[in-house]
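Just so we're clear, the structure is a prediction, and the values are computed from it rather than from any experiment. Per chain, numbering begins at 1; letters A, B, ... match sequence-line order. Side-chain atoms are counted along with the backbone in the values below, which use heavy atoms only and exclude waters and symmetry mates.
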2 protein chains.
Amino acid sequence: MSGIERTWSIAEIALEFGVTHRTIRFYEDQGLITPERKGTQRIFHPRDRVRLELVLRGKRLGFDLSQIRRIVDMYDQPPGEAGQLRYLLERIAARRAELEQRRHDIEVTLAELDEVERRCRADAEIAPKGRRK
Amino acid sequence: MSGIERTWSIAEIALEFGVTHRTIRFYEDQGLITPERKGTQRIFHPRDRVRLELVLRGKRLGFDLSQIRRIVDMYDQPPGEAGQLRYLLERIAARRAELEQRRHDIEVTLAELDEVERRCRADAEIAPKGRRK
DNA sequence: TTTTTGCTTGACGTTTACGTAAAGGGAAAT
DNA sequence: ATTTCCCTTTACGTAAACGTCAAGCAAAAA
């Protein structure tokens with residue numbers, strides 16, 4: 001039973017996601033999350049948590065908040081008119097291109113780190129991970 | 001012939017890399033690049049270009065400049081004492097972990113974009129204008 | 001020689017993404 | 001009843017990453 005879902009306070013959310021209450025309020029001001037209000041207090045539902053997770057991931061990916069807003073807005077677009085959808089598809093494509101660029105950057109950087117590490121271990125005559133005999 | 005390498009002016013570099021001269025000067029102030037000086041003018045060598053590329057890639061990856069400095073510094077560490085090398089290896093490992101987290105974020109996001117796009121195209125089938133069978 | 005062009009160094013302005021301090025409401029514990 | 005929490009808004013502060021003048025030098029073009 002219990003179609004009744006859990007809710008969270010701002011402090012619980014802040015602690016769990018490792019951000020401050022100030023950050024959360026700021027995100028709300030920016031329209032990135034829209035927690036329910038019971039009187040003056042904020043009540044966080046599962047959907048707010050999903051939103052917040054999207055936002056934080058976007059941050060880790062190096063997007064700024066305005067870009068992140070456009071990303072999260074994509075996730076609950078009401079299916080609109082064809083022109084709208086076409087526009088949305090364009091934005092998805094652009095977003096995908098950016099992400100793939102970033103992924104490529106990561107591959108290159110990881111490969112370079114491998115190389116630095118290899119030279120480094122050669123110099124130090126330290127065995128590679130787990131291969132010390 | 002010509003062990004003599006090309007050099008570039010600040011304007012050429014700025015244009016080629018799509019940044020302003022102000023940005024380049026800022027990066028120099030921060031010690032991210034160290035172009036030669038001929039009197040008062042800056043002369044950019046290939047190594048400065050490599051550095052700058054590292055910096056810009058770091059930016060695309062969402063690292064801030066202080067992190068980027070630590071990254072680029074890893075690339076021309078003189079092979080030092082074992083303790084130093086071990087420390088460098090630790091930093092490389094940390095950097096790698098961050099990059100792999102970002103890569104994971106990207107995979108998740110790309111998958112979600114696929115899903116949004118899929119729903120989106122499904123909606124477009126019944127949309128009045130964008131109908132394509 | 002004068003002008004133009006490209007570069008230089010300050011120095012202050014701006015935006016983003018919050019931090020922090022002030023002042024207080026409301027409920028719950030003592 | 002009063003203290004203690006947790007939360008609230010308002011408002012000003014700040015660090016990062018540049019942008020934007022302002023003023024000037026120096027070589028090259030006119």
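B:Lys38 comes within 4.0 angstrom of nothing in the nucleic acid, heavy atoms only. Within 4.0 Å of A:Ser9, counting heavy atoms only, lie sugar-phosphate atoms of the nucleic acid but no base atom. Among the protein residues, A:Arg25 comes within range of the nucleic acid bases, having at least one heavy atom under 4.0 Å from a base atom.
Summarising the geometry, the separation between CD on A:Glu36 and P on D:dT8 is reported as 13 Å, rounded to the nearest angstrom. A straight line from CG of B:Leu32 to C1' of D:dC18 spans 13 Å, rounded to a whole angstrom. A straight line from CZ of B:Phe26 to P of C:dC12 spans 17 Å, rounded to a whole angstrom. In this entry the distance linking CG of A:Asp29 with C1' of D:dT9 reads 10 Å, nearest Å. Counting to the nearest Å, the C1' atom of C:dC7 and the CZ atom of B:Phe44 are 11 Å from each other. To the nearest angstrom, P of C:dC7 lies 11 Å from CD1 of B:Ile13. Residue B:Ile43 contributes atom CD1, which lies 16 Å from atom P of C:dG6 at whole-angstrom precision. Separating the NE2 atom of A:His21 from the C1' atom of D:dC6 is a distance of 11 Å, rounded to the nearest angstrom.
Distance from the side chain of B:Tyr27 is smallest for D:dC18 among the nucleotides D:dT8, D:dC18, C:dG19. For B:Arg22, the side-chain atoms get nearest to C:dA11 when compared with the rest of C:dA11, C:dG19, D:dT9. With distances taken from any side-chain atom of B:Ala11 to the nucleotides C:dC7, D:dG19, C:dT8, the minimum falls on C:dC7. Taking the side chain of A:Arg37 as heavy atoms from C-beta on, and the options D:dT9, D:dC7, D:dG19, the nearest nucleotide is D:dT9. Candidate nucleotides D:dG19, D:dT8, C:dC18 were compared by shortest atom distance to the side chain of A:Gln41, and D:dT8 ranks first. Side-chain proximity of B:Ile10 to the nucleotides C:dA17, D:dC7, C:dT8 is greatest for C:dT8.
Side-chain N or O atoms of A:Arg69 include one that pairs as donor or acceptor with a backbone N or O of A:Gln30 at under 3.5 Å. No donor-acceptor pair under 3.5 Å is formed between the side chain of B:Arg49 and the backbone N or O of B:Phe44.
Comparing A:Glu28 and B:Asp64 by the nucleotide of DNA chain D whose heavy atom lies nearest to each, the residue mapping closer to the 5' end is A:Glu28.
Of the side-chain N and O atoms in A:Thr40, none sit less than 4.0 angstrom from OP1 or OP2 of D:dT9.
Residues B:Arg25 and B:Glu28 are not paired through a salt bridge, judged by the lack of any N-O separation under 4.0 Å between the basic side chain and the carboxylate. No salt bridge links B:Arg60 with A:Glu98; every basic N to acidic carboxylate O contact stays at or beyond 4.0 Å.
Shown are A:Leu54, A:Ile68, A:Val19; of these, the side chain to side chain contact (heavy atoms under 4.5 Å, CB included) with A:Lys59 is made only by A:Ile68.
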